[in-house]
Amino acid sequence: MKHLLNPLDLSVEEIDEILDLANDIEANPEKYAHACDGKKLATLFYEPSTRTRLSHEAAMMNLGGNVLGFSSADSSSATKGESVSDTIRMISCYADICAMRHPKEGAPMVASQYSSIPIINAGDGGHQHPTQTLTDLLTIRSEKGRLHDITIGLCGDLKFGRTVHSLIHALVRYENVKFVLISPEELRLPSYIRKDVLDKHNIPYEEVVRLEDAMGELDLLYMTRVQKERFFNEEDYVRMKDFYILDAAKMELAKEDMLVLHPLPRVNEISVEVDRDPRAIYFKQAQYGVYVRMALILTLLEIKVS
Ligand code: CP
């Protein structure tokens, strides 16, 4: 049985197949409308979510299946002290596949060791968010036409932002991808990713503090919010939270075909005036998240639709 805990659980070929399937689902949704009849998805969210939980649920419903689960640890028996390993043993009796978000790094991996159904990591602490990465890859491939030969700027909270960590792991496997890491000193990409992923594979990257200095060379700008929930004190968060604000003036420094992505939720880091710019594709990106999660559910459940 296969789980999705980390983007590297999928080979480049497997990712291509999922993205191709997602494109076919987008083009022919009716073909897939009963693919998961009688199947159940459990969404176990120990941490808040809008997009990831609801897009997994929409994905399963679009496939004809049903959903069950909880949207906060407070409404589950975790409050009574039940462990993730015991919980997943129960859920394996109730559902065919499970998407789990947890504030602790590695919790979905622990669940996978006790589960008899596929586990999808829907975000674990500041670690990984592989279904967001599939969403990002589908968005980039569909809107840019390629996943190779790109210069991508990753801007904001690169220290705690799990979407960025997962995206880097996935993109280093494509040819001629350059990263521009745009962050304040305190929110730099962790050294274990710089050294073990970028340096180890001789991936070109530069680190800059000012967004304006990077704009002109980017094919893609991936904005992220400062991850309030991972800060140890409010004061540090308040100091950092508005460090970057992408506005119309900064967009004028960018290439005409540079695209702006954001995993969302947005706080202040993208001014609402940018929403009107055709290069801003973050809401479309969220729509791609439904197609790609439909493709992922079919793949993990080994359901083929002809
Ligand atoms: N992108 C993302 O993970 O959003 P949610 O936290 O709303 O699920």
Side-chain angles (χ1 to χ4, degrees), residues 4-7 18 22 41-62 67 69-76 97-108 119-140 142-143 152 154-171 220-231 237 241 244 246 259-270 274-275 280-297:
L4 181 64
L5 304 174
N6 183 308
I18 290 173
L41 165 77
T43 51
L44 311 188
F45 277 62
Y46 295 83
E47 224 187 28
S49 167
T50 296
R51 274 146 296 275
T52 311
R53 184 172 66 85
L54 297 180
S55 64
H56 273 99
E57 295 185 355
M60 188 47 132
M61 289 191 248
N62 290 347
V67 297
F70 52 82
S71 58
S72 84
D74 291 348
S75 62
S76 79
I97 186 166
C98 169
M100 174 185 286
R101 171 171 287 187
H102 203 286
K104 284 201 181 135
E105 283 88 354
I119 301 292
I120 298 169
N121 177 3
D124 61 329
H127 188 218
Q128 297 281 349
H129 194 345
T131 67
Q132 181 64 50
T133 296
L134 290 175
T135 302
D136 301 339
L137 295 179
L138 179 64
T139 306
I140 296 168
S142 302
E143 299 294 321
I152 180 166
L154 305 171
C155 178
D157 185 349
L158 309 189
K159 180 178 179 183
F160 297 118
R162 59 192 172 199
T163 62
V164 165
H165 302 166
S166 284
L167 187 57
I168 289 174
H169 276 90
L171 278 178
L220 299 160
L221 172 60
Y222 192 93
M223 294 295 294
T224 62
R225 81 185 159 92
V226 176
Q227 304 274 303
K228 182 180 183 184
E229 63 275 33
R230 316 258 177 251
F231 276 71
Y237 168 71
K241 72 183 176 69
Y244 297 108
L246 180 65
L259 299 177
V260 184
L261 288 86
H262 192 311
L264 305 176
R266 154 183 57 187
V267 188
N268 287 329
E269 61 280 357
I270 301 181
V274 177
D275 298 355
I281 55 166
Y282 27 88
F283 294 117
K284 199 164 182 192
Q285 184 182 354
Q287 176 66 55
Y288 282 122
V290 178
Y291 305 132
V292 92
R293 289 180 175 109
M294 289 170 75
L296 178 65
I297 289 169

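Owing to the predicted nature of the structure, the values given are computational and were not obtained by experimental measurement. Because only heavy atoms are used, hydrogens play no part in the values below, and waters and symmetry mates are left out as well, while side chains stay in. Just so you know, ligand 1 is whichever comes first in the structure, and atom 1 is the first atom listed for that ligand. Sequence positions, counted from 1, serve as the residue numbers for this chain.
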Sub-4.0 Å atoms of ligand 1 with respect to non-hydrogen atoms of Thr50: 5 (P), 7 (O), 8 (O)
Winner among His56, Gln132, Arg53, His129 once heavy atoms are compared against atom 3 (O) of ligand 1: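 Among His56, Gln132, Arg53, His129, the closest heavy atom to atom 3 (O) of ligand 1 belongs to His129.
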Check: Thr52 and Arg293 side chains under 4.5 Å, non-hydrogen atoms: yes
Glu47 heavy atom under 4.0 Å from ligand 1: no
Nearest protein heavy atom with distance in Å, relative to atom 4 (O) of ligand 1: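 Its nearest protein heavy-atom neighbour is Arg51 NE, 3.1 Å.
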Shortest protein contact, atom 6 (O) of ligand 1 (heavy atom only):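 The closest one turns out to be Arg101 NH1, 2.9 Å.
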Test log, rule side-chain hydrogen bond (donor to acceptor under 3.5 Å, both in side chains), inputs Tyr282 and Asp275: CA-CA 9 Å; Tyr282 27 88; Asp275 298 355; 2.6 Å; yes
Close N or O approach (Pro48, ligand 1; < 3.5 Å): no
Thr52 N/O under 3.5 Å from ligand 1 N/O: yes
Aromatic ring pairing Tyr46/His102, orientation class (parallel under 30°, perpendicular over 60°, tilted between):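 Tilted: the ring planes of Tyr46 and His102 meet at 30° to 60°.
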Verdict with reasoning, Thr43 to Glu57, per side-chain hydrogen bond (donor to acceptor under 3.5 Å, both in side chains): CA-CA 8 Å; Thr43 51; Glu57 295 185 355; 2.7 Å; yes
Region of Leu264 engaging ligand 1 - heavy atom pairs below 4.0 Å: backbone
Heavy-atom donor-acceptor pair, Asp157 side chain to Gln227 backbone, under 3.5 Å: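 Yes; judged by distance alone, with no hydrogens or angles, the pair exists.
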Identified side-chain contact (heavy atoms from CB on, under 4.5 Å) counterpart of Leu221 within the set Ile152, Ile270, Leu246, Leu259: Leu246
